[in-house]
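Notes follow once the structure below has been shown.
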Amino acid sequence: MDMQPCTDGDKLQLKACNQNKITLTMENKKAQEEIIGFMVIVVMVIVIGLLFMFFLKPKAPAAQESQQVSNLLISISHATSACDKEIRDVAVMCMNSENCNNENACDYLNKELPSLIDKALNKGGLGNVIGYSLVINGTSIDINHGNKTATMSGAVAPITSDLKMELKFYYP
Amino acid sequence: MQKKLANKKAQVKIQEMAFVLVAIVILGGIVFIFFSKFQLANVQKAAETVKQKEAISLLERISAMPEIKCAERGVEKFCIDQDKLEIFIPMAASSAYIKQWQGMQKVSISNIWPDEKEWTIYGKWQGNFTYSTFINVCKQEFKEASSWTCSLALMEISYS
Amino acid sequence: MEKRGVIEFNWIFAVIVGAAILFLAIFFVGRLTGTTQYLSETELAKNFDILLNPFASIGGIGQVSLAKTIDMPQAIQINQTCNAKENRITMFLRSESSIGKKWGEWSAPNQIYNKYIFSGSFMEGKSFDVMSKSFEMPFRIDDTIYILDKDYCFVNAPSSVKEELEWINLTKVQFVDSASACTTASLKVCFDMSCDIKISGQCVDAGCADKYDYGTVQKSGKSMDYATSSLMYAAIFSDSAAYNCETSRLISRLKSIAGILKQKASRLSGCPTTELISKLSDLESSSSSSIIDIYKISQEVNNANPIECPIF
């Protein structure tokens with residue numbers, strides 16, 4: 001389009017020429033605005049689409065941590081010890097200062113329980129555990145291993161009215 | 001002159017329309033691709049969720065199977081009977097039971113404490129996803145009276 | 001004149017292309033809706049199966065384990081067939097549609113191998129009462145699941161039935177003293193009296209705890225033998241084809257478990273299991289098609305279970 005200034009001709013022609021130039025300029029600007037508007041929409045759709053794709057990634061299944069800890073604690077309490085009694089019964093023996101397998105019941109538990117829990121952790125299914133604690137309230141059993149953090153999963157298994165086992169796992 | 005101007009305007013309009021159409025088609029194509037991916041992801045997610053739920057419910061079901069569960073005088077105990085488990089394993093792949101494990105790659109029970117032992121109920125190879133639960137595997141003995149010796153074990157189900 | 005021609009061509013072009021785009025959009029949406037509907041019906045069928053999981057193999061003994069009313073977001077139709085040979089139930093499901101036809105497409109067949117469902121072969125509704133009860137003969141076999149889509153009216157039910165079913169508050173089960181008190185649309189269930197469903201108790205031997213321990217259920221011109229209350233409810237709430245097929249599946253499982261217990265009994269040294277092994281062998285190899293005969297053998301097995309070292 002010819003954008004040279006209007007100079008030649010009479011006043012009427014000059015007026016018409018200037019009017020044409022203004023109209024063309026406005027039309028050009030309108031067209032540019034429309035193109036920009038359209039491009040903005042295209043860019044928005046692409047950005048939204050990319051966001052969608054990003055959030056659609058399937059998430060890994062959540063660890064069944066709490067239920068697992070509970071299952072583990074119950075299974076531990078029902079496991080048979082070397083003196084043919086369940087661990088829960090050995091805890092009662094510990095409270096009463098009795099012997100299990102020719103040694104003090106509390107010493108037996110302090111020796112076997114960490115080994116038991118370490119083996120269970122090695123088997124997996126409990127997530128990324130960095131520390132644990134096992135306490136049998138009512139006895140001197142208070143086993144701690146690794147680091148304690150604010151993120152934890154735990155379970156409580158009552159044995160008698162005076163006695164309960166509490167297991168906690170700590171995560172990063 | 002005016003005719004020429006009008007023709008040019010018309011051509012510009014046609015060009016404008018053509019570009020707009022091309023842009024719409026490209027946009028439509030992009031939207032279609034995203035939508036297809038979204039739909040596919042949805043279907044895959046639905047299938048994945050169903051498999052997860054099946055695996056978790058299978059864990060519960062196996063530990064309650066009368067074929068392997070401990071029982072004494074009608075009182076069901078929360079454990080697996082070792083003798084029944086060992087008798088059941090050769091039957092697990094028979095036509096009567098094989099469909100119970102459908103979609104799963106491996107179903108196994110491993111003794112953790114005091115001694116270690118593994119029983120594979122079904123399958124050979126570990127899948128990519130595993131669900132597990134801790135249980136007791138107990139053996140019934142009779143010396144003047146019936147008694148049960150129980151170990152800590154882990155039941156695992158894996159699928160791909 | 002040329003100016004007018006330019007404007008007209010513009011509009012014509014826009015209308016033609018717009019119409020083409022609209023047509024393509026509607027065509028693809030239609031195709032997508034069909035696929036999506038099939039997918040969602042199939043997902044619904046699978047989810048219905050998963051919804052029933054809590055009712056199966058709970059591991060309890062004795063009275064009704066679990067009862068619940070399942071409310072679906074829209075009305076559904078369920079079509080299920082039992083295949084005793086393949087040891088499975090095939091379930092098809094479809095839901096009410098708000099677009100086009102009243103009912104959507106039938107889902108892909110859902111094969112169920114791990115449940116024993118007693119219900120009508122065709123059910124329709126938005127709300128279903130689901131109940132499960134352990135089936136023991138004499139040891140636990142599995143849980144039997146009952147799906148109710150119709151209303152049932154128990155007339156003068158014996159106390160054992162009333163005690164078991166009344167407390168679970170199923171919306172589709174009513175207990176009355178006379179048939180006239182039943183709602184019109186409900187199926188009447190009578191004990192030793194003629195009505196829609198007639199239960200005849202036949203257990204009069206010395207070992208019977210209740211007259212209705214075994215007997216027959218007469219329904220829709222067909223007679224079904226039952227043993228234990230689990231199968232009595234099964235005969236009441238399902239049709240004869242489903243009942244016979246599912247009972248056949250349960251008996252196969254019973255024989256399988258009997259075989260396992262027989263082998264376990266022989267492993268347990270020091271325990272007096274000779275008679276038990278013999279009775280379990282009878283149960284495992286029984287060729288009788290009568291559930292009542294099998295029940296009688298199972299009672300002998302129960303009596304042979306040693307007290308000092310029970311095998312089950």
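For a residue to count as touching a neighbouring chain, one of its non-hydrogen atoms must lie under 4.5 Å from one of that chain's; by this rule B:Trp148 touches chain C with the side chain only. For C:Glu86, no part lies near chain B; criterion is any non-hydrogen pair under 4.5 Å. Residue contact with chain B, scored on non-hydrogen atoms closer than 4.5 Å, involves the backbone of C:Pro306 exclusively. Interface remark: B:Glu141 contributes backbone atoms only to the contact with chain C (heavy atom separation under 4.5 Å). When heavy atoms are compared at a cutoff of 4.5 Å, C:Asn87 approaches chain B solely by way of its side chain, counted from C-beta outward.
A heavy-atom distance below 4.5 Å is found between the side chains of B:Tyr97 and C:Arg253. Using a 4.5 Å cut-off on side-chain heavy atoms (C-beta onward), C:Glu308 and B:Phe142 make contact. Inter-residue side-chain proximity for B:Lys84 and C:Leu261 is flagged as met; some heavy-atom pair is nearer than 4.5 Å.
In this structure, C:Leu22 places its CG atom where more than 12 heavy-atom neighbours from other residues, nucleotides or ligands lie under 6.0 Å away. Within a 6.0 Å sphere centred on NZ of C:Lys255, other residues, nucleotides and ligands contribute more than 12 heavy atoms.
Taking 4.5 Å as the heavy-atom cut-off, none of the residues of residues 25-33 of chain B approach chain C. Contacts of residues 266-275 of chain C with chain B at a heavy-atom distance below 4.5 Å involve C:Arg267, C:Leu268, C:Ser269, C:Gly270, C:Cys271, listed in sequence order.
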task: List the steps and the verdict of side-chain contact (heavy atoms from CB on, under 4.5 Å) for B:Met91 and C:Ser256.
output: CA-CA 9 Å; B:Met91 297 164 69; C:Ser256 181; 3.2 Å; yes
Checking side-chain hydrogen bond (donor to acceptor under 3.5 Å, both in side chains) for the pair B:Gln140/C:Lys264: CA distance, chi angles, key distance, verdict? CA-CA 10 Å; B:Gln140 189 179 16; C:Lys264 190 201 161 174; 2.5 Å; yes
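The CD1 atom of C:Ile311 sits 8.0 Å away from atom OG of B:Ser146, with the distance rounded to the nearest 0.5 Å. In this structure, CE in B:Met65 is found 8.0 Å from CD1 in C:Ile257, a value given to the nearest 0.5 Å. The CD1 atom of C:Ile260 sits 10.0 Å away from atom CG of B:Leu85, with the distance rounded to the nearest 0.5 Å.
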